[in-house]
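Scroll down for the structure; my scribbles are underneath it.
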Amino acid sequence: MHPDHTGRPHQPTPSPSRGSGRLRSIAVTLALGAAMFAVGAVMLTPDGTTAPRPAGDGRPTGAPPGPIEALQARVARLPKDQGGWAALGMAYVQQARTTADPTTYDRAEKALKTSLSVQSEDNTDAETAMGALAAARHDFPTALRWARKATASGPYSPSAHGVLADAYTQLGRYDEADEAVQRMTDLRPDAASLARASYAFELKGDTARARALMRRSLVAAVTPADTAFAHDVLASLDLQDADPRAALAETRAGLTAAPGDPALLETRARAHLALGDTTKAVADYRAAVAIAPLPHHLLGLGELEQSLGNGGQAEESYAVLRAQDRIREATGDPADTDAILFEADHGNPRRAVTMAEHTLRARPFVAVHDAYAWALHRAGRDTEALAQADEALALGTRSALFRYHRAAIHHALGDDEAARRDLTEALREPGFHPLHAATARDLLQRIDTTR
C-alpha cells in the first residue's frame, strides 16, 4: 500500500510496525475496492470512466450513454464476451456504492455469474469483481476466497491483489494486507496502489507517510473519480491534524474535478463543522444524503441536527437509518460500524452488542472492535469494553472517536488519568463529532477540576 517509483515502488515498502496510521472505516476500503479497482483490468468502459453514473441520473437527452448503458449495449451485442459482463458487474458494484441501492448488487452478481458461465476458469476479471462485490456486501471471508482465486488465475493483475489487500485489511490480517499491497505496487504503482499504501500507513498511525503517498496518488490520478478520492482523503487527514481550512481547500479542489461527489460533500460538512459554521455543514450533509443516503451520511446529518436542537430533523435521518437496518437484518448481513454505533447511542445498547458480536466474527477490523467497545460501554459492560477499545487502538491508529470512546470507558472504570490522556488526544481534533466532542470537553474539564 505504499511506494516510490523507479519501475517498481520508489522505495521498498516495509511492512509498517504494529505500533506505528487514516481511519475511514469500511468506506475507504470500498472506495478503493470499487472505485479505484475500476482503474484496473475490469473496468473496460468505452470512455475510460471509473465512476459510472446510475441510469437516469439527469444527463441531458441525447447525451452520450454513460458507462453502464455502454456496457449493457456491449453485452447485448456480444453475449459471450466474458470481459464485458465482468466490467458490467463491476460497474454495478460501483453504482450501488454511490447510490446506496442494495438491489444493484443483485444485478452485479447476475452479470458476474454470466461472465463466469461463459468462462468458468482463469476469468480473473470476473473473479476480482466477485471479490469486490463480496467486500461491498461486507462479506469479507467470501471476498478473500474470490481474491485468492483471482490472484491465482491472474498473478500479475494489480486489481486482484488490491481486492486481496482489502479483504485481508477488513479481516484484521494487516501484515498479509501489507504484502498484498506491496505486490500490487510492484506490479503497477498507480493511483489505486498508492492509495492503498497510504491507508496502510494511516491505519498504523503514520499520517505523515500516509499524506505523502496520497499526494502521489493524486499526481497519478487519471480520472475525476481518482482525483476526487485523493482530495477527500487528504482533506480528512487535514481534519485529523486540526486544519479545517486546509481541508476546505482540498474539498474545493476535489469538487472541481467531481462536482456533487457525496464523499467530498460530507468531508466539507465536517470541515465547516470544525470551523463552527453549522449552517453550511447542514447544507453539505443534506446535499450528500440527497445524492447517496449512505449510513454514515445519515448518521452525521442526524447527529448534527440533534446537536443543534433540531430533534424533528434528526429523527428524519434516524428513521431512514432504522429502515435501512431492518432491510439489512432481513438479509442476514452483518451490520456496519455506523449501524452499531447508531444503535448504541440512539437505540438499544444490548442489541448493539449483539450486532457487534455478529459483525466481529466475520470482520475483526479495528473499527469493529471500537464499535463493539462502545456498545459494551453503553450496555454497562465496561471491563469487557476496555479490552475491545485497546484492540481498536492496538495498531496505533489516530482516531479521535476511538480515543473518546476509550476515555469514556476509562472514566466509567474510575481511571481518570487514563481517561484524561485519551481525551487530550481526542480533542486535538476539536470538532471530531457533533455530539461527543462537546461531551469530551465537559468530561475533561470535570476531571481537571477534581484533580
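The first residue in the sequence is number 1, and the count goes up from there.
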- request: With side chain to side chain contact (heavy atoms under 4.5 Å, CB included) as the test, would you mind laying out the steps for Gln388 and Leu360 before giving the verdict?
  value: CA-CA 11 Å; Gln388 292 299 320; Leu360 193 64; 3.9 Å; yes
Side chain to side chain contact (heavy atoms under 4.5 Å, CB included) between Leu308 and Val282, worked out: CA-CA 10 Å; Leu308 297 172; Val282 168; 3.8 Å; yes
- request: Determine, stepwise, if the pair Asp238 / Arg245 fulfils salt bridge (charged side-chain N to carboxylate O under 4.0 Å, His left out).
  value: CA-CA 8 Å; Asp238 287 332; Arg245 295 192 185 280; over 6 Å; no
message: Test side chain to side chain contact (heavy atoms under 4.5 Å, CB included) on Val233 and Glu250; report intermediate values, then the result.
response: CA-CA 9 Å; Val233 171; Glu250 290 290 354; over 6 Å; no
- request: Starting from the C-alpha separation in whole Å, work towards a yes-or-no answer on side chain to side chain contact (heavy atoms under 4.5 Å, CB included) for Arg107 and Thr104.
  value: CA-CA 5 Å; Arg107 292 193 285 274; Thr104 309; 3.0 Å; yes
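Two residues are said to be in side-chain contact when any heavy atoms from C-beta on lie closer than 4.5 Å; Gln306 and His346 meet this criterion. Side-chain contact between Leu423 and Tyr404 is present, with at least one heavy-atom pair separated by less than 4.5 Å. A 4.5 Å side-chain heavy-atom check between Asp382 and Leu376 finds every atom pair outside the cut-off. In this structure the side chain of Glu179 never reaches within 4.5 angstrom of the side chain of Tyr168, judged on heavy atoms. Side-chain contact between Asp325 and Met355: present, with at least one pair of heavy atoms (C-beta onward) separated by less than 4.5 Å. Counting heavy atoms from C-beta outward, Val366 and Tyr174 have side chains that approach closer than 4.5 Å. Two residues are said to be in side-chain contact when any heavy atoms from C-beta on lie closer than 4.5 Å; Gln324 and Leu298 meet this criterion. Leu427 has its side chain within reach of Leu444: a pair of non-hydrogen atoms, C-beta onward, lies under 4.5 Å apart.
Asp415 contributes a side-chain N or O that, together with a main-chain N or O of Ala418, makes up a donor-acceptor pair within less than 3.5 Å. Put simply, the side chain of His296 never gets that close to the backbone of Asp338: no donor and acceptor are under 3.5 Å apart. Side chain of Thr151 to main chain of Ala147: a donor-acceptor pair is present (N/O by atom type, distance under 3.5 Å, no hydrogens or angles). Thr397 places a side-chain N or O within 3.5 Å of a backbone atom of Leu203 that can act as its donor or acceptor partner. A donor-acceptor pair is defined here as one N or O able to donate and one able to accept, closer than 3.5 Å; such a pair exists between the side chain of Arg378 and the backbone of Ala344. At distances below 3.5 Å, at least one donor-acceptor pair connects side-chain atoms of Thr359 with backbone N or O atoms of Ala335. Remark: side-chain polar atoms of Tyr105 are not paired, donor with acceptor, to backbone N or O of Ala96 under 3.5 angstrom. Although no hydrogens or angles enter the test, the distance criterion places no donor-acceptor pair under 3.5 Å between the side chain of Arg363 and the main chain of Gln170. Within the 3.5 Å criterion, the main-chain N or O of Leu264 finds no donor-acceptor partner in the side chain of Thr267.
A salt bridge does not link Arg183 with Glu176: none of the charged nitrogens is closer than 4.0 Å to a carboxylate oxygen. The pair Arg406-Asp370 does not meet the salt-bridge criterion, since no charged nitrogen lies less than 4.0 angstrom from a carboxylate oxygen. Between Glu429 and Arg403 there is no salt bridge, since none of the side-chain N atoms of the basic residue sits less than 4.0 Å from a carboxylate O of the acidic one. Under 4.0 Å is where a charged nitrogen must lie from a carboxylate oxygen, and between Arg322 and Glu315 at least one such pair does. By the 4.0 Å N-to-carboxylate-O rule, Glu316 lies too far from Arg286 to be salt-bridged with it. Using a cut-off of 4.0 Å between Lys/Arg side-chain N and Asp/Glu carboxylate O, Arg398 and Asp241 are scored as salt-bridged. Checked for salt-bridge contact, Glu329 and Arg326 miss the test: no charged N lies under 4.0 Å from a carboxylate O.
Taking every heavy atom of both residues into account, Leu112 and Met90 meet most closely at CD2-N, 4.4 Å. When every heavy atom of Ala257 is checked against every heavy atom of Pro224, the shortest pair comes out as O-CB, 3.4 Å. Counting all heavy atoms, side chain and backbone alike, Gly131 lies closest to Ala143 at O-CB, 3.4 Å. The two atoms that bring Ser193 and Arg188 nearest to each other are OG-O, 2.8 Å, heavy atoms only. Contact between Leu265 and Asp284 at its shortest, heavy atoms only, is O-CB, 3.4 Å. The minimum heavy-atom distance between Ala160 and Gly154, with the atom names listed, is CB-O, 4.5 Å.
Residues His436 and Glu303 bring no donor and acceptor atom of their side chains to less than 3.5 Å of each other. For the residue pair Asp186/Gln182, the side-chain donor-acceptor check at 3.5 Å is satisfied. No side-chain donor-acceptor contact under 3.5 Å links Glu391 and Tyr372. Side-chain polar atoms of Glu127 and Ser153 form a donor-acceptor pair below 3.5 angstrom. Asp416 and His411 form a side-chain donor-acceptor contact under 3.5 Å, judged by distance and modelled atom types alone. For Ser236 and Arg270, the side-chain atoms include at least one donor-acceptor pair closer than 3.5 Å.
One finds the CE atom of Met130 at 10.5 Å from the CZ atom of Arg145 (value rounded to the nearest 0.5 Å). Taken from CD in Glu425 to CG in Leu393, the straight-line distance is 10.0 Å, to the nearest 0.5 Å. If you take CG on Asp125 and OG on Ser159, they are separated by 8.0 Å, rounding to the nearest 0.5 Å. Separating the CG atom in Leu164 from the OG1 atom in Thr128 is a distance of 10.0 Å, to the nearest 0.5 Å. In this structure, Leu171 CG and Asp166 CG are separated by 10.5 Å, a value rounded to the nearest 0.5 Å. Atom CZ of Phe365 is separated from atom NE2 of His138 by 11.0 Å, given to the nearest 0.5 angstrom.
Sorted by first then second residue, the side chain to side chain donor-acceptor pair (under 3.5 Å) pairs that include residues 437-449, not counting sequence neighbours, are Arg420-Asp448. Listed by first and then second residue, the ring-ring contact (aromatic ring centres under 6.0 Å, His included) pairs involving residues 242-293 amount to none (not counting sequence neighbours).
Just one residue in the list His231, Arg268, Glu266 forms a side-chain contact (heavy atoms from CB on, under 4.5 Å) with Thr251, and that residue is Arg268.
Ring pair His405/Trp374 is parallel by interplanar angle, where below 30° counts as parallel and above 60° as perpendicular.
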